[in-house]
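Numbers restart at 1 for each chain; the letters A, B, ... are given by sequence-line order, proteins then strands.
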4 protein chains.
Amino acid sequence: MASTTGRLFRVTTWGESHGPAIGAVVDGCPPGLALSAADLQPDLDRRRPGQSSLTSQRSEGDLVAIESGVFEGRTTGTAISLRIANKDAKPGAYEHLKDLFRPSHADLTYHQKSRGHRDWRGGGRASARETAARVAAAGIARKILADRWGVEVVAWVEAVADVTAHVDPAGVDRAAVDAHAVRCPDAPAAAAMAEAIAAARKDKDTVGGVVTCVARGVPAGWGEPVFDKLDADLAKACLSIPAAKGFESGAGFAGARMRGSTHNDAFEPDGAGGIRTATNRSGGVQGGISNGMPVVFRVAFKPVATHFLPQQTVDTEGRPVTLQAKGRHDPCVVPRAVPIVEAAALLTLADHALRQTAQLGGSPHER
Amino acid sequence: MASTTGRLFRVTTWGESHGPAIGAVVDGCPPGLALSAADLQPDLDRRRPGQSSLTSQRSEGDLVAIESGVFEGRTTGTAISLRIANKDAKPGAYEHLKDLFRPSHADLTYHQKSRGHRDWRGGGRASARETAARVAAAGIARKILADRWGVEVVAWVEAVADVTAHVDPAGVDRAAVDAHAVRCPDAPAAAAMAEAIAAARKDKDTVGGVVTCVARGVPAGWGEPVFDKLDADLAKACLSIPAAKGFESGAGFAGARMRGSTHNDAFEPDGAGGIRTATNRSGGVQGGISNGMPVVFRVAFKPVATHFLPQQTVDTEGRPVTLQAKGRHDPCVVPRAVPIVEAAALLTLADHALRQTAQLGGSPHER
Amino acid sequence: MASTTGRLFRVTTWGESHGPAIGAVVDGCPPGLALSAADLQPDLDRRRPGQSSLTSQRSEGDLVAIESGVFEGRTTGTAISLRIANKDAKPGAYEHLKDLFRPSHADLTYHQKSRGHRDWRGGGRASARETAARVAAAGIARKILADRWGVEVVAWVEAVADVTAHVDPAGVDRAAVDAHAVRCPDAPAAAAMAEAIAAARKDKDTVGGVVTCVARGVPAGWGEPVFDKLDADLAKACLSIPAAKGFESGAGFAGARMRGSTHNDAFEPDGAGGIRTATNRSGGVQGGISNGMPVVFRVAFKPVATHFLPQQTVDTEGRPVTLQAKGRHDPCVVPRAVPIVEAAALLTLADHALRQTAQLGGSPHER
Amino acid sequence: MASTTGRLFRVTTWGESHGPAIGAVVDGCPPGLALSAADLQPDLDRRRPGQSSLTSQRSEGDLVAIESGVFEGRTTGTAISLRIANKDAKPGAYEHLKDLFRPSHADLTYHQKSRGHRDWRGGGRASARETAARVAAAGIARKILADRWGVEVVAWVEAVADVTAHVDPAGVDRAAVDAHAVRCPDAPAAAAMAEAIAAARKDKDTVGGVVTCVARGVPAGWGEPVFDKLDADLAKACLSIPAAKGFESGAGFAGARMRGSTHNDAFEPDGAGGIRTATNRSGGVQGGISNGMPVVFRVAFKPVATHFLPQQTVDTEGRPVTLQAKGRHDPCVVPRAVPIVEAAALLTLADHALRQTAQLGGSPHER
């Protein structure tokens, strides 16, 4: 199941960076949802390269086609096939990388895993291009979550290099995120991030950063005891994004330095007959299950592995060589990671929404 | 599958903190492995409460019995049932908590998820006692990984409150970890951690911390493309541990502040015909697949939710109440989390070991 | 997942015929269901040996204990552990079979599969005793299906050797089935079956037979397109019963000889605003999905492999030997297979009930 | 997972009969397998309509394209996407069926399952056209099984209406099967079957039949204890084929009438150091695990639901109507079911091959 995720809302992706196309099959979507390719395109456009001078210059239309599972504008509950043609593939551009292993890429590990049978063109299956399929699939999850439960998922760039933004998860919206090319809604921080990226580019180097994501409107009760905790599944979904190396929920690593009396979220009446927490250091998840507060988490991305300074590596024969990268590459992927982190959240939440529905939907088992 | 983890090496746990017993069923273990309860007991003893003045005073024998799947001292390849009786259960001790929600525990979320049908005694299914079943099951994984692949997994306490240790993942071993009750192999740091824990206890408060884990001897090629990356599955396994709120692999969040030219791990010949990285900021995983270097990751634990200062909360009728905790509780769970984090690593690695064996075992498909 | 079945209502069984105990873990059960061991015991009593002179003389209490997942008489939605101690195990009785392979048993195949590491006592994991765990778990499914959807599952012996009964699936109930020890509600046929079994026993031989099962009250819409069709999952569940060698749904193999104009079930109004079929040769399933009519299927059981005539076989060294069986063995398992076939139906239906609930539960996506 | 099958060799299909395309994603295939579309085309050609006057007149090229997972002629171990364009779709031809339910088709059940959101054109997702995707995917399984284990799978038509063939599973091959359009290698029976089909066509009626399948060369040890028995998984795969209503393994239903002394397969040395059975009434599977003998099973297909005689049914408003079918339809699907049954066997066997490899591959755990 390398290429499949989810228990009930199931997504299977396929495709290599420089093959004819990439795609996803989404199975388990409830029937009757209004859906067209136009619903999925906006997030694909946010993810694709070539959007600004901050990101890479590869220009793909990334137009998604729905090839099954939708009839007369609504889902039928059967498998939905999404396909995105690779229009701007230039496999020849990677010929010089065929016989060597780029440091901190997946070239060597794929080579080792498959005993040499890997597609070396632009990272092949390991390319971040694969995430376009996830983003397309997550557009369906976004619609279901919004229509049925009123859930809203927004992510933004919280840090680039050593610049950190200050953003309120309770109020941030997509318009504010997309207002700056760097996708940080804290304007002064966004400007400083853009400078850090430009400085790295000038130095032929790259930077990493952190994306924060909030899901608002998640009802209490999503997530499962023991292994399939909501934050455990979010962590898996986020760490499966290329270049992601860390995940934290709520106060996360900073919380590990707090005392319990500081960290605990006191419960209080919410004024509408329910219960809320006075603070949200738990990030909306307690014991692995949502508590009705905003679900908040952060994902760390390492700096882009392809920089333009000389690097020491070895070739497929094990001989030391010096690599000098060329071509089109982002100095920073974090702005484009925003819709990908949202996709990780959306797919995870849609799956848990259906799981909780299965256990409690229509249940008459009240005391 | 709330209570099941793994695709091929599958573990299903069951049991509540104050029920008659807890246990695990391990399915998919290869046949012929020498196994007895004595193989599993040492890690259970490391996890159980009451080991030192640093940890809680509940005293459980936590003796595990193997009830199936082993015949004449060897596994048969069928389901292995492990059972641990709850000998020191004192459900009456929780009667006063029956009708209220302890802050930053799972009381409220389990209540919400199950529409009120929860076992409120000592956290019920959400109790960290459940992890004893994982630790027992992981003892089987530890044997397989050691016997068949020579893999060794060691975790330790890297931080408690604001005390941080300095430990070399390449050389640390269990003896050094267990030499101090706090399970930190950096002796001066261990002493400072013990002081921090004692200070919190004196203040009726609690502390959190960080556990680091290394898996040495993992061959290149474990982990799957796209969704089931090795570090994604490690992240999920770790975030499913009670009180865990963060995970990072390799340089993790710190790496997000580095430039690519600093972060990248140069490849070089290993002197034995293979390839190694000169540094290991990737934490032994690149593109989600192991590269043969030590797999290194860290897990953040929030401070223990039960402290002995007054706390604001609400009862099951939604009325504000003040909670004053009593009874036996750790001021710091991090030393006991060490074998639990190891268990997360062991179960994940055993599963991926079998997955890679399935794809490549005995393959004649070489060019 | 050899020992696990189900996607949402998940059952994992464990245990060998002559180990200390057998059991099952049931995960995914909705919370709030009233449940006690007394709910599960009746079907266990129907399955156990020693009920009449027609069946084997091994006498087990087969008392089931619920060790988790139920609190104050109701399910909590967490894993339910069921355990049945093996009280009448006599492993010594099998010592003479240790080094040979009984024909048409699983001795050889388990030996081959595990490279010799098998529990040879009474069939070990392959023993039909394992089905007691399924029957216990299915008792939970029976309660959910009855409480929430009004589904009723009844099976009976339709054939033994060459005696075939005539039973109306629309009206048969458990009382009629259990009225005769052979569990056939057609009294003259039951008497003839009992004679056929007695005749085989007298000849030191054994017989097989057919069990038919009906599920009444299954709403339209259960079952999934393509691979997880309702009758496909029923077939798998039934063929996983020891000694089962055939499955047919509706008109089954006889239908393959009909013409379409004879076989088709005409649709007609049901007089209550719905639609029914005038006949039910489809067995309540069309295109893999229930249509609201009774779900009807049949399972063929081969004759019991252990008879008391001399048999040619080989020992573990591959040398020809003659086997002369001794001990306690049924000449016909079919009457005891009745609750096991019901269990297969119940587990399958409960899983699909939750799956359909997940997709449609509370859906506002109507046109 | 309606549209996904397999644990390790995983196939996900998608597509409707009259949408733009259908396809399959195959995940888990070992790397290094030589593969091109030409390997998959022959079985697609055997399945497609319009092959002879016996089958329907729809003419599809059914050309499969491999869109991922293969590089330089070999599999890379990543997801393989197969796509078949629907070139001859004529959705308008079904306009008259839009508002009624064809008897013994899936029109009503899909309507009920999805609350009316179904693709009614030619059966939509329930169309047997979907099986083209399975057959394409199974072509990959066929290559792996042949290359790595020497397994050969051959199916044939054993019965049509009341004509039954006599075929020796030990020797039958594809050339003999395909020698007659009806795909029965018993020439006189084939001629009689063709007559029965022609007679039904003349009467505006349809017929059903039985397909038998043998897998030769399956090593001992495939299949899992308890739920995932080899014949249980074969049964599920076969019952998931449209129009399949019965499955039997080995002696099957006929075996249920035998005595044990007749049915049992005696073990004997095979003359090459191994063990074989003197007969094969077990159909190559004992206790759910292969024993090294040919795996033999049969699948019953009901008569084609669309005949050209008037039929009573209801429309989507529940009003009685008379249906008079028109258009292109097979009077008998059984000849075209041959490659589909082979596909069911191939996918099941490939999955179990990898599962057994995972447990035993390279194991040093010998006594």
Side-chain angles (χ1 to χ4, degrees), chain A residues 2-3 5 101 103-104 106 109 112-113 125-126 162 205-210 220-221 224-229 231-232 235-236 239-240 245-250 252-253 255-261 263-267 269 275 286-287 289 291 300-304 307 309 312-314 318, chain B residues 2-3 5 101 103-104 106 109 112-113 125-126 162 205-210 220-221 224-229 231-232 235-236 239-240 245-250 252-253 255-261 263-267 269 275 286-287 289 291 300-304 307 309 312-314 318:
Chain A
S3 291
T5 190
F101 302 119
S104 291
T109 53
Q112 290 167 320
K113 181 173 189 65
R125 183 66 175 143
D162 52 7
D205 214 336
T206 62
V207 290
V210 176
E224 303 272 343
V226 189
F227 293 114
D228 294 351
K229 290 182 162 79
D231 40 3
K236 176 170 175 172
L239 264 289
S240 79
K245 297 298 278 185
F247 171 92
E248 57 182 7
S249 171
F253 279 89
R257 304 173 78 95
M258 296 179 188
R259 281 192 165 187
S261 59
H263 184 275
N264 278 8
D265 295 314
F267 288 123
I275 297 169
Q286 294 178 320
I289 297 169
N291 65 1
F301 290 90
K302 68 176 186 177
V304 173
H307 58 70
L309 296 164
Q312 195 56 42
T313 188
V314 297
Chain B
S3 290
T5 190
F101 303 120
S104 291
T109 53
Q112 290 167 320
K113 182 174 188 64
R125 183 66 175 143
D162 53 7
D205 214 336
T206 61
V207 290
V210 176
E224 303 273 343
V226 190
F227 293 114
D228 294 351
K229 291 182 162 77
D231 39 3
K236 175 170 176 172
L239 264 290
S240 78
K245 297 297 279 186
F247 171 92
E248 58 182 7
S249 171
F253 279 88
R257 305 173 77 96
M258 296 179 188
R259 281 192 166 186
S261 59
H263 183 276
N264 278 7
D265 295 313
F267 288 123
I275 296 169
Q286 293 178 322
I289 298 168
N291 66 1
F301 290 90
K302 68 176 186 178
V304 173
H307 58 71
L309 296 164
Q312 194 56 40
T313 188
V314 296

task: List in chain and number order the residues that pass side chain to side chain donor-acceptor pair (under 3.5 Å) with B/Gln286, two or more places apart in sequence or in another chain; answer none if no residue qualifies.
output: B/Ser282, B/Asn291

task: Any chance you could measure B/Lys245, atom NZ, to A/Asp231, atom CG, to the nearest 0.5 Å?
output: 5.0 Å

Rounded distance [0.5 Å steps], CZ in A/Phe101 versus CZ in B/Phe267: 8.0 Å

query: Of the backbone (N, CA, C, O) and the side chain (C-beta and beyond), which part of A/Val304 lies under 4.5 Å from a heavy atom of chain B, both, or neither?
result: backbone

field: Portion of A/Lys229 that has a non-hydrogen atom of chain B nearer than 4.5 angstrom
entry: side chain

field: Any residue meeting salt bridge (Lys or Arg N to Asp or Glu O under 4.0 Å) with B/Lys302, in chain and number order, not counting sequence neighbours
entry: none

field: Shortest non-hydrogen contact between A/Ala232 and B/Ser240, atoms and distance
entry: CB-N, 3.8 Å

task: Check B/Gly260 against A/Pro303 and note the closest heavy-atom contact, atom names and distance.
output: N-CB, 3.3 Å

message: Contact between A/Lys236 and B/Asp228 at the side-chain level, heavy atoms closer than 4.5 Å - yes or no?
response: yes

field: Region of B/Asp265 that comes under 4.5 Å of a non-hydrogen atom in chain A
entry: both

- request: Could you tell me which portion of B/Phe301 (side chain, backbone, both or neither) has an atom closer than 4.5 angstrom to a non-hydrogen atom of chain A?
  value: backbone

Under 4.5 Å, counting heavy-atom pairs only, tell me which of [options] racks up the most with chain A.
| options | answer |
| --- | --- |
| B/Ser104, B/Ala300, B/Ala106 | B/Ser104 |
| B/Ala256, B/Gly246, B/Gly209, B/Gly208 | B/Ala256 |
| B/Gly250, B/Gly287, B/Gly252 | B/Gly252 |

field: A/Arg257: which of B/Asp162, B/Val207, B/Val210 passes side-chain contact (heavy atoms from CB on, under 4.5 Å)
entry: B/Asp162

query: Taking every heavy-atom pair that is under 4.5 Å apart, which of A/Ala220, A/Pro269, A/Ser249 has the most such pairs with chain B?
result: A/Ser249

- line: Checked A/Thr313, A/Ile275, A/Asn264 vs chain B; the most non-hydrogen pairs under 4.5 Å come from A/Asn264

- request: Carefully, step by step, assess A/Phe253 and B/Glu248 under the rule side-chain contact (heavy atoms from CB on, under 4.5 Å).
  value: CA-CA 10 Å; A/Phe253 279 89; B/Glu248 58 182 7; 3.5 Å; yes

query: Ignoring hydrogens and geometry, is there a side-chain-to-backbone donor-acceptor pair from A/Asp205 to B/Ser261 under 3.5 Å?
result: yes

task: Could you tell me whether the side chain of B/Lys113 and the main chain of A/Gly221 form a donor-acceptor pair under 3.5 Å?
output: yes

query: Is there a side-chain contact (heavy atoms from CB on, under 4.5 Å) between A/Val226 and B/Arg125 once you walk through the steps?
result: CA-CA 8 Å; A/Val226 189; B/Arg125 183 66 175 143; 3.4 Å; yes

